[in-house]
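Notes follow the structure.
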There are 2 protein chains.
Amino acid sequence: MAAKPYHHGDLERALLDAAIDVVRSDGIAALSLRDLTKAVGVTPSAAYRHFPSRDHVIAAVAMLSREDLARHMLAARDVVPARGSAQRRSVARFEAIGHAYVEFAIAHPTVFEAAFTACPVQLERTEDPRAWEVLTLAIDEMTLAGAIPASRRKDAPIIAWAGVHGLANILTGAAVPPGMEADGQIAAVVKGIYRSIS
Amino acid sequence: MAAKPYHHGDLERALLDAAIDVVRSDGIAALSLRDLTKAVGVTPSAAYRHFPSRDHVIAAVAMLSREDLARHMLAARDVVPARGSAQRRSVARFEAIGHAYVEFAIAHPTVFEAAFTACPVQLERTEDPRAWEVLTLAIDEMTLAGAIPASRRKDAPIIAWAGVHGLANILTGAAVPPGMEADGQIAAVVKGIYRSIS
DNA sequence: CGCACATGTGTACGGTGTTCACATTATCCA
DNA sequence: TGGATAATGTGAACACCGTACACATGTGCG
């Protein structure tokens, strides 16, 4: 019943939640340990009981953001209707994933930026959904369904990822090309990717 | 003859040169106004006579880095031999540009990062070589030479840029896909781009 | 109960961007 | 030519940041 117990309970989780809030509203660059700890109601030094440095909390929110993106891709894939041939359906699922990738970046640019920020510190991999695996899985589906030739299967993942990742970066970044709206470009790139691997 | 004249002469240029050095060796995140001014032999406040804020010098080196990239692309394009049909040559020039884009990013990752860093401040456009225009120019060449159908000309630039830009980001970033070496991936993506627009 | 351990506090240090009054030099006009 | 005026650099100060370290406080286990 003490309004402020000395021990917080789950400071690590609370700090990460606060960090995600900051990223959502002001971007990863605005993330400050002092702000985070103040928002949680704790002293700056307290954070160091859970993260060795600011870079480690950045790396943690980057990983959470990548999981967020991967979940969006999976959700978009699983929502495509089951009608049509297995071949057409595998392509529709693949294209849904590509659209979701870019649309996530447009809808949440700061989160997307945080997801692929160059983090000076590396976290050990966890077993979470990753964009790369979602993409390769969809490509395997297409290969099995006969939508793309087996000979292209090897290079397809990097081609696909480069396309959607590049478009997402371009559309959310400072260097937007002149005179085009996003929707048409997403469709153009996703269709282009499929054409180049089929 | 005074060893240290009160006025520097061209502080703006000197600061930008120092900034580029820092970016080359330690990346854009390590750029500090105090370091820059110290390297040039001047007081921190002096920088504010030439740049309104640190963000503006970051924006300036970003623009210089983009010009650097564009120059590399042009150089690679202009070095492809003139033999063969105009059609084959236009494709070779296009592919040389794509390779140069990604190879520049690999050779100078910190400069590439700086080039497309999300700068909180926007500079008015100058008339310098830009990657986007180099790419579209090469695509126009291919269209005229009959290497790609005119119907694909409209979507080709965004497809091409997304592909090389995405691959460059992936290969220089933290999220490298497992078990592949860069060279093969560059060739795969550039070939894939050409297939998707031809 | 008592002791070890985990967790949060307080204070301090060096570094940062930025501001502002002031000193110095260059430029241009009467 | 000389003196006002604008351009440029200085110095000290402010608020903020990440981080370290000694210390206080609570938790859980023998």
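Throughout, a chain's letter reflects where its sequence line sits, starting with A, and its residues are numbered from 1.
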Of A:Thr43 and B:Tyr48, whose nearest nucleotide on DNA chain C comes first from the 5' end?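 On the 5' side of the pair lies A:Thr43.
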Within residues 20-37 of chain A, find the residues that approach DNA chain C with a heavy atom at under 4.0 Å, and present them sorted by residue number.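 Contacts with DNA chain C under 4.0 Å: A:Arg34.
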Rounded to the nearest 0.5 Å, how far does [atom2] of [Y] lie from [atom1] of [X]?
X: B:Leu15; Y: B:Leu11; atom1: CG; atom2: CG; result: 4.5 Å
X: B:Arg195; Y: B:Ile197; atom1: CZ; atom2: CD1; result: 11.5 Å
X: A:His165; Y: A:Tyr101; atom1: NE2; atom2: OH; result: 5.0 Å
X: A:Trp161; Y: A:Trp132; atom1: CH2; atom2: CH2; result: 7.0 Å

Going hydrophobic residue to hydrophobic residue with side-chain gaps under 4.5 angstrom, can you get from B:Leu135 over to B:Leu137?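 No, because B:Leu135 and B:Leu137 fall into different hydrophobic clusters, even though each may have its own neighbours under 4.5 Å.
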Closer than 3.5 angstrom, by distance alone: can the side chain of A:Ser85 be matched with the main-chain N or O of A:Arg88 as a donor-acceptor pair?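 Yes.
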Is a side-chain N or O of A:Thr143 found less than 3.5 angstrom from the main chain of A:Ala150, in a donor-acceptor match?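 No.
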Contacts to DNA chain D from residues 49-57 of chain A, heavy-atom cutoff under 4.0 Å, which residues?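 By residue number: A:Arg49, A:Ser53, A:Arg54.
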So if I take every side-chain heavy atom of B:Ala46 and compare against D:dT19, D:dT10, C:dT19, which nucleotide ends up nearest?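 Minimum distance to the B:Ala46 side chain belongs to D:dT10.
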How many Å lie between NZ on B:Lys38 and C1' on D:dG11, as a whole number?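 Rounding to the nearest Å, NZ of B:Lys38 and C1' of D:dG11 are 15 Å apart.
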Who pairs with A:Phe104 by ring pair (Phe, Tyr, Trp, His ring centres under 6.0 Å), at least two apart in sequence or on another chain?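 A:Phe104 satisfies ring pair (Phe, Tyr, Trp, His ring centres under 6.0 Å) with A:His72, A:His108 only.
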